[in-house]
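Here's the structure we're looking at; comments come further down.
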Amino acid sequence: MKISRKRALKNYFFYTCLILSSIVVIIPLFMVFFFLLQKGGSSLSLDFFFNNPKPVGEIGGGMKHAILGSFYMVGLGSLIAVPLGLVCGVYLSEFGKGKIASLLRFTIDLLTGVPSIVVGIFAYLIFVVSMKSFSAIAGAFALSIIILPIVTRTTEEILKLIPKHVKEAGLALGLPRWKVIVFIVVKGSRSSLMTGIILAISRAAGETAPLLFTAFGSMYLSYSPDEPMASLPVQIYNYAISPYDDWQKQAWAGAFTLIIIVLGLNLFARFYFVRKDIYRSIKKLFTRQTKD
Amino acid sequence: MTNTIALEVKNLNAYFGDFRAVKDINLTYHKNTVNAIIGPSGCGKSTYIRCLNRIHEEVEDASVKGEVILGGKNIYAENADPVEVRKHIGMVFQKPNPFPSMSIFDNVTIGPKLWGEKDRTKLEEITENCLKKAALWDEVKDKLHQDGTSLSGGQQQRLCIARTLAIDPPIILMDEPTSALDPIATVKIEDLMNEIKKEYTVIVVTHNMQQARRIADYTSFFVLGDLIEHGLTSDIFTNPKEKKTEDYISGNFG
Amino acid sequence: MTRQLLIITTVVLSLNASAILKLNGAGASFPYAIYSKWISEYSKSQEKVQINYQSIGSGGGIRQLIKQTVDFAASDAPMREKDKKKAAWPVLHVPTVLGAVVVAYNGKSIGNDLNIDGQVLADIFLGKITKWNDQAIKKLNPKRNLPDQEILVVRRADSSGTTSVFASYLADVSEEWKSKVGVGKSLRWPTGIGAKGNEGVTALVKQTEYAIGYIDLAHAKKNGIYTVNLKNGAGEYIKATVESISASAESFKTSGDDFTVSVINQKTKGAYPISAFTYFLLPLKKEKDQKISEVQNFFKWSLTKGQDFAAPLYYAPLPMNVRKAVVKKLDSL
Amino acid sequence: MKIPYSKQDQYVYTALRFFSLVVVCLLIAIIFQLFMASKLAFDEFGLSFVTDDFWNPVDDEFGALAFIFGTVVTSILALLIAGPVSVFVAIYTNEFLPKKIASVLGLFVELIAAIPSIVFGLWGLYYLAPFVKNFLAPFLKKYLGFLPFFQGSSFGIGILTAAIILAIMIIPTITSVCREVFKSIPNLRKEAALGLGATKYEMVKIAILKPSFSGIMGALVLGLGRALGETMAVAMVIGNNPVISSSLFSAGATMASVMANEYAEADSELHLSALCYVGLLLFVVTFFVNLMARTIVWNNSRKSKR
């Protein structure tokens with residue numbers, strides 16, 4: 001059967017769109033990368049990772065406190081939001097009917113659209129005003145509000161994709177529903193779920209506005225949850241808008257670091273799942289050989 | 001024959017909302033037999049078989065009335081636990097559906113594992129046993145840690161049967177298990193049914209009359225939710241009592 | 001699991017650090033660089049004190065002071081009477097350095113150091129003068145060859161003390177500005193496009209030919225951008241430099257405890273007209289605690305030794321007369 | 001003691017409902033706090049706040065219409081750009097590229113999500129704005145200048161630039177979710193379509209796009225959410241002028257950007273309160289935009305059922 005000209009043309013056009021889109025998407029990323037390296041590459045050194053900041057004009061300042069602070073607060077925030085988001089996502093995809101479910105779905109839709117600054121103001125009113133002190137906890141709480149809806153939404157979409165008959169097959173094994181959900185549905189889509197979680201965490205890691213009025217920022221390394229804490233985005237923000245070259249360089253280097261950290265996180269998550277499978281099969285092979 | 005009763009169905013009705021899809025079925029199944037259910041599309045065969053292990057009620061709006069007696073107890077009694085019921089009545093579905101991102105080994109052992117079996121050697125034993133029973137062992141024994149979905153369709157379906165066998169249910173329901181498979185795979189599954197009836201009671205819905213003839217000891221004929229006729233397979237196919245059955249079998253109907 | 005471990009260890013670690021006195025301050029972003037420099041230098045001699053200053057904006061700083069979430073605040077503009085009433089204690093305004101608003105523009109054919117007076121500047125930002133070769137500009141720069149091009153006004157989009165100082169200068173020189181636009185941190189602008197932050201205005205002016213905007217001194221110096229010479233109260237055209245900005249406060253007289261007097265458009269010779277103090281805000285608690293006295297020590301240090309660090313960062317140090325008056329006040333507390 | 005299985009499921013269900021209610025309460029708390037904070041402005045301006053496009057902090061007169069306009073226009077424009085591009089990229093990576101290259105491309109796209117918005121903002125200011133001013137705007141003006149959207153002169157920053165930045169920022173979200181959705185479609189169906197003699201394009205249309213419509217919509221809503229609430233990057237490049245203009249080259253302002261611009265420095269009570277009122281309105285706008293999206297999904301799924 002010969003394909004008509006019109007259909008062939010459409011097909012070519014389609015291909016062109018696909019390739020063009022992919023190129024167009026990658027260009028900004030590389031431009032930003034280039035931009036960051038060009039402006040901040042020269043201040044990427046060991047000092048940058050192992051020193052605390054120094055004032056303008058002194059060399060050797062770093063962002064150790066901000067890197068650790070970001071890890072601390074994003075970690076704490078995801079510790080709250082990821083499990084909660086997974087639970088809500090499961091609820092929506094598995095029991096998605098009924099009033100509470102539609103209320104929740106509606107809530108999540110609204111939460112994804114809350115500007116980060118409103119989240120910051122909210123966390124400020126809840127934690128900072130009542131504790132009379134800026135704190136890392138308040139920052140983590142604000143970040144968790146950013147993470148929560150993204151995790152919930154992606155979890156719902158991903159779990160919905162598991163065909164119904166797979167769930168029924170699980171039930172037919174005489175398993176209670178919750179076991180089917182946890183051990184078959186959720187476990188079966190864990191690597192896809194990771195994508196959503198990483199997406200959420202990477203977004204939270206780059207947010208300035210929710211942290212400005214909550215974690216506040218600090219010039220020192222701090223580990224206590226009830227004190228102000230530095231974070232990469234706040235530090236980047238402060239330095240990027242300053243007129244001094246060495247601070248601006250630090251800001252770009254910081255942004256570069258942030259992206260690399262997220263890249264590392266992403267790769268780690270992917271590698272983790274792959275490695276586990278490889279590890280298992282190697283172990284299996286080994287045990288079989290000794291048995292024989 | 002020293003047949004004892006495996007499952008007894010009394011006045012079973014199944015509904016989708018107000019729609020009655022299965023009407024007043026009364027049937028008795030004997031142990032160690034293969035029982036086929038045939039009938040035209042949309043006749044309620046699948047709905048009926050799904051009532052037998054209480055999967056039907058997982059569908060939205062669906063409900064069941066009547067009794068199904070298993071080992072002297074009604075599985076639809078108020079205090080009956082559907083989960084417990086399904087442990088005793090396994091099911092294989094129309095489409096092969098290995099669990100996603102799970103190895104062959106995990107697919108087979110997930111049932112026993114979640115039922116509390118932790119001993120690794122025992123789980124390995126179960127895997128080997130069930131895969132042998134499902135006539136899959138020789139094909140997969142070297143790749144137990146590959147993803148279950150990497151197998152071919154026929155292999156996947158046999159994997160699903162092995163998975164069901166792993167929880168050792170006395171009764172196994174099969175809902176058109178070969179409809180998605182090629183003839184060679186179909187033959188393998190049919191042989192398998194013949195083999196496992198030594199230990200299990202099999203109830204199978206099939207679209208294919210020849211298949212029923214080849215494998216079943218008893219056959220029931222359904223039309224639009226009604227049980228038209230039930231009897232020994234040889235009787236149904238050679239000497240049907242009802243006109244409708246005869247028409248269907250000779251190809252004048254459905 | 002690893003995360004939990006991390007948290008437990010960090011909590012344990014943090015218990016050891018409590019011997020150090022920690023002070024938090026928040027507020028204006030304009031003096032962030034000099035304050036962090038001061039803090040760093042000051043802490044070299046004071047190991048037991050950790051001061052943390054974060055630039056969350058002057059308004060934010062004042063709000064934190066009222067809500068008592070910080071030990072001191074900083075602001076580019078004095079607190080308003082309403083806010084003073086809301087604070088639990090009286091608040092002392094301590095001037096720290098002087099800042100200036102510099103009018104920057106882009107235009108190779110115009111050349112650097114264009115002469116502008118207040119009236120013309122107001123008319124440009126009111127949208128009344130729209131071309132570079134307008135008669136009013138020509139009159140002030142008779143020797144220049146001014147291009148027949150539209151002026152693009154770039155202004156701050158975010159609320160800012162810089163805008164407030166700039167607007168108070170324009171209101172001082174132009175009745176029309178006073179009545180039509182007024183003074184505030186964010187305004188309803190008659191013309192122009194808004195960029196965020198000094199950084200944004202600088203970038204936009206640099207990128208767009210024939211644009212004009214207002215920025216702080218450090219951004220202007222660091223970016224090699226053209227700036228105007230502004231006519232001051234004494235009738236001279238003055239370029240913004242650290243010295244000319246400091247000069248604007250030389251004739252400053254305190255009225256008692258109040259250091260919040262405007263230094264805009266002074267008649268002092270050599271004074272740049274759009275200058276302003278930036279302040280530390282010190283809550284005068286009745287019962288003095290250790291924190292407050294440490295804050296006071298830090299303030300005193302910044303007004304004496306600290307002043308030497310200002311000029312290299314393009315902040316104008318306070319003239320001697322102001323320093324003495326403020327230190328005297330701090331000593332009397 | 002062993003809990004019967006049906007009870008176990010019940011407990012789990014109750015727990016799930018409980019956590020869901022916690023999240024719902026969180027939203028209520030946020031809205032309540034915002035409402036309390038915006039009460040002053042609400043009492044002062046009432047609903048005319050929504051219909052006035054007058055914003056003057058000096059005289060304490062506020063109306064949010066221009067911001068609502070800016071938010072809706074930039075978000076929808078961003079979605080129009082990012083939606084097709086993301087779907088294309090998702091298809092290309094999933095169906096056409098070899099697995100290794102696809103995962104690298106996918107990784108790159110996800111990395112975009114990690115770039116802090118301030119970096120995007122400054123990059124947009126230094127690179128994108130000049131590009132728009134010198135190339136894109138003249139190009140659009142030349143070929144589409146008869147449309148009211150592409151008239152007037154462009155200074156680089158403005159609604160169009162903001163929408164492009166937003167589009168770049170939401171692409172990773174939409175692409176990643178779409179990829180997961182497409183992944184779930186069985187190969188059998190794609191092969192069946194190809195087997196019928198369909199071209200690749202037709203295969204994608206029949207076997208991929210149609211069945212995953214609701215998933216794609218879900219992805220778009222997620223992206224839209226981010227576009228509506230983005231602050232810093234937009235504030236850097238939109239020009240921040242609360243005016244309503246039909247030209248995409250002109251400066252505008254969004255609700256989130258005005259909050260970011262003025263919240264930190266606002267010192268009059270009414271100004272602060274008006275900003276919170278804007279925040280509250282953003283909820284309303286988000287609600288309506290989502291409602292629209294959901295209606296589209298609902299209509300479509302009803303159509304396809306028929």
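Just so we're on the same page: letters track the sequence lines, and every chain starts at 1. What you see is a predicted model, and the numbers here were worked out from it, not measured in a lab.
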(request) Can you measure from CG (L114(B)) to CG (L173(A)) and round to the nearest 0.5 angstrom? (result) 8.5 Å

(request) Look at I167(B), N53(B), V59(B) and state which one has the largest set of heavy-atom pairs under 4.5 Å with chain A. (result) I167(B)

(message) For residues 79-94 of chain B, give me every residue with a non-hydrogen atom less than 4.5 Å from any non-hydrogen atom of chain A.
(response) V83(B), R86(B), K87(B), I89(B), G90(B), M91(B), F93(B)

(message) With a sphere of 6.0 Å drawn around CZ of F49(A), does it hold more than 12 non-hydrogen atoms of other residues, nucleotides or ligands?
(response) yes

(message) Taking CG in D119(B) as the centre, count heavy atoms belonging to other residues, nucleotides or ligands within less than 6.0 Å. Is the count above 12?
(response) yes

(request) Name the option with the most non-hydrogen atom pairs under 4.5 Å to chain A; the candidates are P100(B), G111(B), C160(B), A166(B). (result) P100(B)

(message) Would you compute the distance between atom CZ of R190(A) and atom OG of S101(B) and round it to the nearest 0.5 angstrom?
(response) 6.0 Å

(message) Among residues at least two apart in sequence or on other chains, which ones pass side chain to side chain contact (heavy atoms under 4.5 Å, CB included) with Q146(B)?
(response) K143(B), S150(B)

(request) Only pairs at least two apart or in different chains count here, so list each side chain to side chain donor-acceptor pair (under 3.5 Å) that has a residue in residues 174-184 of chain A. (result) R177(A)-E58(B), W178(A)-Q8(D)

(message) If you count every heavy atom of other residues, nucleotides or ligands that lies below 6.0 Å from F16(B) atom CZ, does the total exceed 12?
(response) yes

(message) At a 4.5 Å cut-off on heavy atoms, which part of R54(B) comes close to chain A: side chain, backbone, both, or neither?
(response) neither

(message) Quick check: under 4.5 Å, non-hydrogen atoms only, which of residues 168-178 of chain B neighbour chain A?
(response) none

(request) Rounded to the nearest 0.5 Å, what's the gap from NZ on K113(B) to CG on L175(A)? Could you check? (result) 12.0 Å

